[in-house]
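Here is how names work: the chains are called A, B, and so on, in the same order as the sequence lines, proteins then strands, and each is numbered from 1.
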Number of protein chains: 2
Amino acid sequence: MSIDAPARRYAKGEAKRRAILDAALAVVAKHGYRNSSLQEIADAVGLTKAGVLHYFDSREELMAEVVSERDAHDRARVDGLEPDQLGTLSRIIEHNGTVPGLVQLYSRLVVEAEAPEHPAHGYVRERYALIVETLADSVRARQREGSVRADIDPMVVARAATALSDGLQLQWLHDQTLDMSGVFDAALELMLGAAPRTES
Amino acid sequence: MSIDAPARRYAKGEAKRRAILDAALAVVAKHGYRNSSLQEIADAVGLTKAGVLHYFDSREELMAEVVSERDAHDRARVDGLEPDQLGTLSRIIEHNGTVPGLVQLYSRLVVEAEAPEHPAHGYVRERYALIVETLADSVRARQREGSVRADIDPMVVARAATALSDGLQLQWLHDQTLDMSGVFDAALELMLGAAPRTES
DNA sequence: CGAGAAAACCTACCATGGGTAGGTTTCGCT
DNA sequence: AGCGAAACCTACCCATGGTAGGTTTTCTCG
């Protein structure tokens, strides 16, 4: 999560920690999740395994933090103050079509964090809850302004949009020619009753 | 896949092989994917690791075969001759809400098989292609019979339905109270222009 | 029915992985 | 200056997937 204690560190440590995060991201993005060991990350940043483990309790925790960091980064990049979260999600999906390594990492984490003991379990859970709630609000806003029929259940759309996003990324991992945001937008338009579209 | 050579074996071996598959499924369903080692499976079936590896080249291949077997089983159970594949998918999803272990296994496999070297890579890829094509046909059939608007792109719906299915299972793994088939049906109805519904 | 080939195993071993224990060096504040 | 904590390292441990090479079982066929 983000409520972790300040964890007082020296300046050097702070920098190193960031370096590890970056290195981990790079390594994972290049060699994939499963093929990136602590050893490799440690080498990339000039430490030993134990050195890395000094900053992160476990490999899983490291990975979780990489994702949550990137998550926050992405969100901030695109979020702004826009109320149209559905559009924002679409753009995030579009952007994800650029970074296979990250999509892979994210997918892995979501699947693995299913176990309650997993360090990222709570994070993923809350993330889902937040996203769904936000999207539902977005639908409600559109309903209020009249651009979406009032008899549509916002929760259904919110859950569906979230599932769509995740599911499309899974498919995309196996076939990078898939136009994720294209399908997403089209499907959403169908659900919200806008004019239909076509896809290749 | 399914084009594997006959691989002549003794009767005993044939039986053992099946036993391994069953044991693996059971172990995975109980302890989860990550916590089920070759050792454990071997113990469950009265062999050593090497004994198991005699039948399957690797742990990954074993897992892949477990999934593909279960896949075939599920499909046969529900498939029949029904042309309404969308409905079939809905029922499969509903049934999946019963077996968390399998959903977990399936999700893991899909994510891991992303790497082209993975033994199940081809399988998953073809599986996706088959499902999407089948669902698209299903949509086209409905369009022909007039129950679905003709200006809807069948491929969009097919891809979206597939993604929805996968994505909902991911969410469900983190929150078993989620009504997968409920959301799925509702979302599909929205897309295909039927009467709207509500969800809890 | 009795070779003999192949299948069905096993024991022993290896490398890699995550992770721990406990020490030594470096840092920075009083 | 000195002291406590952070920033590391070395040396382990153990489980894991996987391999090498042998031994026993099973079947087939003359």
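Remark: B:E133 does not engage B:R159 in a salt bridge, criterion side-chain N to carboxylate O under 4.0 Å.
What separates CD of A:E40 from P of C:dG17 is a distance of 9 Å, to the nearest Å. As rounded to whole Å, 11 Å separates atom C1' of D:dA7 from atom CZ of A:R9. Atom CG of A:D43 is separated from atom C1' of D:dC9 by 14 Å (rounded to the nearest Å). Straight-line distance from the CD1 atom of A:I41 to the P atom of C:dG17: 11 Å, rounded to whole Å. Between A:L62 atom CG and C:dG18 atom P the separation is 10 Å, expressed in whole Å. In this structure, CG of B:L47 is placed 11 Å from P of C:dT11, rounded to the nearest angstrom. Regarding B:I20, its CD1 atom lies at a distance of 11 Å from the C1' atom of C:dC9, rounded to whole Å.
Legend: residues meeting side chain to side chain contact (heavy atoms under 4.5 Å, CB included) with B:V28, ordered by chain and number and at least two apart, are B:S36, B:M63, B:L105. A search for side chain to side chain contact (heavy atoms under 4.5 Å, CB included) contacts involving B:D71 returns B:R75, B:Y123, B:R127, not counting sequence neighbours.
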Would A:R17 and A:E65 count as a salt bridge (Lys or Arg N to Asp or Glu O under 4.0 Å) here? Give the steps.
CA-CA 11 Å; A:R17 194 187 154 87; A:E65 206 147 329; 2.3 Å; yes
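Residue A:Y55 has a polar side-chain atom (N or O) positioned under 4.0 Å from OP1 or OP2 of D:dC8. Contact between the side-chain N/O atoms of A:H54 and the OP1/OP2 oxygens of D:dC8 is not found at any separation under 4.0 Å.
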Taking protein heavy atoms under 4.0 Å as touching, what does nucleotides 12-30 of chain D look like 5' to 3' if B marks base contact, S marks sugar-phosphate-only contact and - marks none?
----SBBB------BS---
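The CG atom of A:D179 lies 12.5 Å from the CZ atom of A:F184; values are rounded to the nearest 0.5 Å.
Counting only N and O atoms by type, the side chains of A:H31 and A:E40 include a donor and acceptor under 3.5 Å apart.
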